[in-house]
Protein chains: 2
Amino acid sequence: MASLTIIDIAKICGVGVTTVSRAINNHPDISEETKQMIMKVVRENNYVPNNNARNLKRTASKTIAVLIKGLNNPFFIRMIDLFEKGIKDKKYSFILHQVYEDQDEIEVANELIKEKKLKGIIFLGGYLSHSKEKLDQLTVPYVLCTVGLSSDFDHYNYSYVSIDDYAESYKMVDYLCKLGHTKIALISAKMRDRSIGQLRYLGYKQALEDNGIALDEQLVRPMKAHLESYSMENGYAVTKEMLEQGIDFTALFAISDSMAIGASKALLESGRSIPEDCSVAGFDGLDMAYYYHPSITTIQQPAAEMAEEAIKILFDLIHKKVTHVQKKFSATLIERPSTGKASR
Amino acid sequence: MASLTIIDIAKICGVGVTTVSRAINNHPDISEETKQMIMKVVRENNYVPNNNARNLKRTASKTIAVLIKGLNNPFFIRMIDLFEKGIKDKKYSFILHQVYEDQDEIEVANELIKEKKLKGIIFLGGYLSHSKEKLDQLTVPYVLCTVGLSSDFDHYNYSYVSIDDYAESYKMVDYLCKLGHTKIALISAKMRDRSIGQLRYLGYKQALEDNGIALDEQLVRPMKAHLESYSMENGYAVTKEMLEQGIDFTALFAISDSMAIGASKALLESGRSIPEDCSVAGFDGLDMAYYYHPSITTIQQPAAEMAEEAIKILFDLIHKKVTHVQKKFSATLIERPSTGKASR
DNA sequence: TTGTACGCGTTATCAA
DNA sequence: TTGATAACGCGTACAA
């Protein structure tokens, strides 16, 4: 029961602990023969080195952590897979660590750095509303990936990978305007959102303005605070409410694919057809948007390229090749059957 | 840079290390006064205890880990949330740990037990094809949740929470038969699957037999090995292939909602309508199945109850109130517009 | 190529 | 209520 230590193994093998340590860690200064012998004993007794003791002694390790706040966003789940593969390709270990709602990501990061002797961190999603001092506490390089930064942030002090939420939102709304829509509903972020949600809202606003359409506040609908953010359920609830209030619109743009799907359901359920009675557009480029029927027009984020670039930047930072890099990717508007010309 | 240790803090405070340790860990034997003083210094210098040293010395902790293989299954993601809340409600810490494809979950578990001094483990999803000896290596209580167990396992030696895959599959197929369908396609697990996938297949087979319908091997379609298991993409590919081969069926049962959605897309794309030309049924009870249009008939797993029960069993095991408990939940067939009476 | 002995930062034990 | 000190299990400088 009481698990074996390296000393036990050394005794069994009749060698010193150093030798066992060498065998386990593939050190060069050991004969192949003794190594095999030791490894055999290790396996037979299924000895597992104690990671705490290891990390306590170790000064460095080749591992990178991805910190994610919430696992409910399918887009992030996809990114995680990409990060895992990319990091393992570089012969680094990958750790996924969840940050809970009530936790401070910087503190969690610092603990993890100490504990695992991290080489670098990728923050995935969430919002960073920390002060500069707080962020400067981090002692290893990090890259923000699709992290909301409040607009008063000095962006050039950080490395990040994202898309241009403002421009992409503009692109979609402009596209809807060009289809002849003038009453375009927006399912937006929560009221106090000061980052991604706000940018997408501003893009919407500007596109309307540039197309000579007056902003109708009635058509801007923040997602429900009591429901999960960006979820299908939320898009459904918001849309249903609009329909019940008899609000008139010929197109609907939801700032996530999930919400677009929820919205579609509400529309279809009410007997409206897509896109004849109402066009629907989403944002993210999830598989789901394609498999929905009708397939949903969306802004596809280049997930693979973004993950790859984030990793590249992180390694450049680690190797001190760069100081700070900001990379904004352009996403692709994918036109699908859920959007069509305005009929009224 | 070089981070502070408990000794540094002790020096600054002019007390012994033991006292600092007591303050940090909320030990009783310390005066409120000195405790406040120490905590103030801790905060000011933002000292973070080294977890490795802690865990190395600690004999126990109040933490439970959920081990999950792959994050791609939306059903598991939902369960994770439930586990997190449930475990935190019990004032235990919760750790989510991902097991990668090439890793052995038992070994990962054992490492984690040592490292974090776990009190218990919940295995979520995946397949357990280990021998009894291997499982017996685990030194803390564990509960298998929705884990595939090969049929030759002696189930009574383990604690698990699941649904009766055989019976639920039977339920769905029987329901389709009663609607008058005789040509029911099945999108099943990969060929060599010996657990959940096989059980669902057997349920299908038996239901057909009991309804006097001969099994048509042409209608049983394992998901594609080169595509992600249970994914929309997989359901789409399989269904498209069937359609291209001109195979005739009036109902389709996919053993996951995701695959059912992919299948629906393939059907709708080909100009068929659901349920008029073909009924579609899924399995799991994901939100997605409801929001799809038409909403998809499915077998809804009682996720919340299952998570709750798994936690309860685990704590009972920890407190030695029980030895082994197996709990099979019954799921609910939710009838939705994607299924209807056979028209041919 | 191998072994001895020390230190990593913390908590537990015991004595004060 | 406090403090000194011995572990915890490992890696590694150094000696052999």
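Because the structure is a prediction, the values reported are computed rather than measured. Just the heavy atoms: all of them, side chains too, but no hydrogens, waters or symmetry mates, feed the values below.
- Side-chain atoms of A:N73 and A:R78 form no donor-acceptor pair, as typed in the model, at a separation below 3.5 Å.
- When heavy atoms are screened at a 4.0 angstrom cut-off, A:T5 is found touching the sugar-phosphate backbone but no base atom.
- In this structure, B:I6 places its CD1 atom 11 Å from P of C:dA12, rounding to the nearest Å.
- Contacts between residues 44-53 of chain A and DNA chain D, counted as heavy-atom distances below 4.0 Å, involve A:Y47, A:P49, A:N50, A:A53.
- Nearest heavy atom pair, residue B:A310 against residue B:F83, reads CB-CE2, 3.8 Å.
- The separation between B:I7 atom CD1 and C:dC8 atom P is 8 Å, rounded to whole Å.
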Next item on the list: Dump the intermediate steps for side-chain hydrogen bond (donor to acceptor under 3.5 Å, both in side chains) on A:E32 and A:Q36, then the final yes or no.
Entry: CA-CA 6 Å; A:E32 189 58 28; A:Q36 290 304 329; 2.7 Å; yes
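- Atom NZ of B:K117 and atom P of C:dA12 are 11 Å apart (whole Å).
- In this view, A:K88 and A:E84 satisfy the salt bridge (charged side-chain N to carboxylate O under 4.0 Å, His left out) rule, not counting sequence neighbours.
- For A:F123 and A:Y160, the gap between ring centers reaches or exceeds 6.0 Å.
- From one end of the helix from C:dT1-D:dA16 to C:dA16-D:dT1 to the other, with five pairs defining each end axis, the axis direction shifts by 30° (rounded to 10°).
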Next item on the list: Let me see the working for A:S61 and A:L118 under side-chain contact (heavy atoms from CB on, under 4.5 Å), right down to the final yes or no.
Entry: CA-CA 6 Å; A:S61 80; A:L118 297 183; 5.6 Å; no
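- No side-chain donor-acceptor contact under 3.5 Å links A:R58 and B:N52.
- Residues that satisfy the side chain to side chain contact (heavy atoms under 4.5 Å, CB included) test with A:K11, not counting sequence neighbours, are A:I7.
- Between the side chains of A:N51 and B:E111, a donor-acceptor pair is found at a separation under 3.5 Å.
- If B:V17 and B:K114 are placed on DNA chain D by their nearest nucleotide, the residue sitting closer to the 5' end is B:V17.
- Both B:K57 and A:R54 sit near DNA chain D, but only B:K57 has its closest nucleotide nearer the 5' end.
- Note on B:K312 versus B:D316: salt bridge recorded, some NZ/NE/NH1/NH2 to OD/OE distance being below 4.0 Å.
- Side-chain contact, B:T63 with B:K119: no donor N or O sits under 3.5 Å from an acceptor N or O.
- Taking a heavy-atom distance under 4.0 Å as the criterion, the stretch of DNA chain D touched by chain B extends 5' to 3' from D:dT1 to D:dG9.
- At a cut-off of 3.5 angstrom, counting only N and O atoms as typed in the model, there is a donor on one side and an acceptor on the other between the side-chain of A:T18 and the base of C:dT4.
- With 3.5 Å as the limit, one finds a donor-acceptor pair spanning the side chains of B:T34 and B:S31.
- Across residues 21-33 of chain B, B:R22, B:D29, B:I30, B:S31 each have a non-hydrogen atom less than 4.0 Å from an atom of DNA chain D (numbered order).
- For the residue pair A:K114/A:N55, the side-chain donor-acceptor check at 3.5 Å is not satisfied.
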